[in-house]
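Notes follow the structure.
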Amino acid sequence: MSYQIFYWIHIVSYLSWLGAFIGSMLFAWKVGKNYLTDDEGYYMKLERRATSIGAHIGALGILISGGAMSSIPGGPKWGWFNFEMYSWLGIKQVLFMIILVMVGFSIKSSISFKKKLRGDDDVEISQDTREAWNAAYRLSLGVYILVVINTILGLFKPAF
């Protein structure tokens, strides 16, 4: 029974991360559409917030539930990092570790953007702030792409 609970936490965590990806792309599109308007900074903030919430819920939920699922005897016997027997799981775990490192850099980049945004008044966004947001967005986009690849590996469990 407890395996199923962690399994669904795992699924919901991935879905929240993928939902944040969609939200991030939508807000990034809005940033581009509102370039040099008063709303540009507002959409930049919303994009960073969607990414932040999605990454925190997704990464934490997957980390906790994945570890729990590997430890519970009631679930599939994939074990802890059994790369030889389940190569798809090994690739998935390595990708997840890369994702976690990238999330750390993404958080740092997002903090840098927020500091620059505080320096700007609400009327006009500086080029420096735009560049900080672009850097943060590109980094999180890389994370999202790896999350999609990781999701596909988990869904299809390809044999290598």
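Put simply, OH on Tyr7 and CD1 on Ile9 are 13.0 Å apart, with the number rounded to the nearest 0.5 Å. Between the CD1 atom in Ile62 and the OG atom in Ser16 there is a gap of 7.0 Å [rounded to 0.5 Å]. Annotation: the span from Gln4 atom CD to Met69 atom CE amounts to 9.5 Å, rounded to 0.5 Å. Summarising the geometry, atom CG belonging to Leu146 is positioned 13.5 Å from atom CE belonging to Met97; distances are rounded to the nearest 0.5 Å. Atom CZ of Phe96 sits about 13.0 Å away from atom CE of Met102, to the nearest 0.5 Å. A distance of 11.0 Å separates OG of Ser112 from CG of Leu117, quoted to the nearest 0.5 Å.
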*Start with the C-alpha distance between Asn150 and Tyr14, add both sets of side-chain angles, then the distance that settles side chain to side chain contact (heavy atoms under 4.5 Å, CB included), and finish with yes or no.*
CA-CA 10 Å; Asn150 221 10; Tyr14 265 113; 3.3 Å; yes
*Give the intermediate values and the outcome of side chain to side chain contact (heavy atoms under 4.5 Å, CB included) for residues Leu63 and Leu100.*
CA-CA 9 Å; Leu63 191 61; Leu100 287 179; 4.1 Å; yes
*Under the side chain to side chain contact (heavy atoms under 4.5 Å, CB included) criterion, do His56 and Ile107 qualify, and how do the steps go?*
CA-CA 10 Å; His56 286 94; Ile107 290 170; 3.8 Å; yes
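When atom types are taken as modelled, the side chain of Thr151 and the backbone of Val147 share a donor-acceptor pair closer than 3.5 angstrom. A donor-acceptor distance shorter than 3.5 angstrom exists from the side chain of Thr51 to the backbone of Glu47, with no hydrogens or angles considered.
Ion pairing between Arg130 and Glu40 holds under the 4.0 Å rule for side-chain N and carboxylate O.
What you find for Trp88 and Leu153 is that their closest heavy atoms are CE3-O, 3.7 Å. The heavy-atom pair separating Ala132 from Ser109 by the smallest distance is O-OG, 4.3 Å. Of all non-hydrogen atoms in Gly54 and Ala20, the two that sit nearest each other are CA-CB, 3.5 Å. The heavy-atom pair separating Ile125 from Gly41 by the smallest distance is CD1-CA, 3.7 Å. The nearest pair of heavy atoms linking Ser13 to Gly61 is OG-CA, 3.1 Å. Closest non-hydrogen pair, Met44 versus Val31, comes out as N-CG2, 3.5 Å.
Just one residue in the list Tyr43, Tyr137, Tyr42 forms a side chain to side chain contact (heavy atoms under 4.5 Å, CB included) with Phe27, and that residue is Tyr43.
Under the 4.5 Å side-chain contact rule for hydrophobic residues, Ile22 and Ile149 do not share a cluster. Hydrophobic clustering (side-chain heavy atoms under 4.5 Å, transitive across Ile, Leu, Val, Met, Phe, Trp, Tyr) groups Val143 together with Ile152. No continuous path of ILVMFWY side-chain contacts below 4.5 Å connects Leu36 to Leu46, so the two sit in separate hydrophobic clusters. Tracing side-chain contacts under 4.5 Å through hydrophobic residues (I, L, V, M, F, W, Y), one reaches Val101 starting from Ile145; they form part of the same cluster. A single hydrophobic cluster is seen to contain both Val94 and Trp17, as judged by linkage of ILVMFWY side chains at heavy-atom distances under 4.5 Å, directly or through other members.
Ring orientation note: the planes of Phe21 and Tyr144 are close to parallel, at an angle under 30° on the 30°/60° scale.
Between Phe6 and His10, the distance from one ring center to the other does not fall under 6.0 angstrom.
Listed by chain and residue number, Arg48 satisfy the side chain to side chain donor-acceptor pair (under 3.5 Å) test with Ser140 (two or more places apart in sequence, or in another chain).
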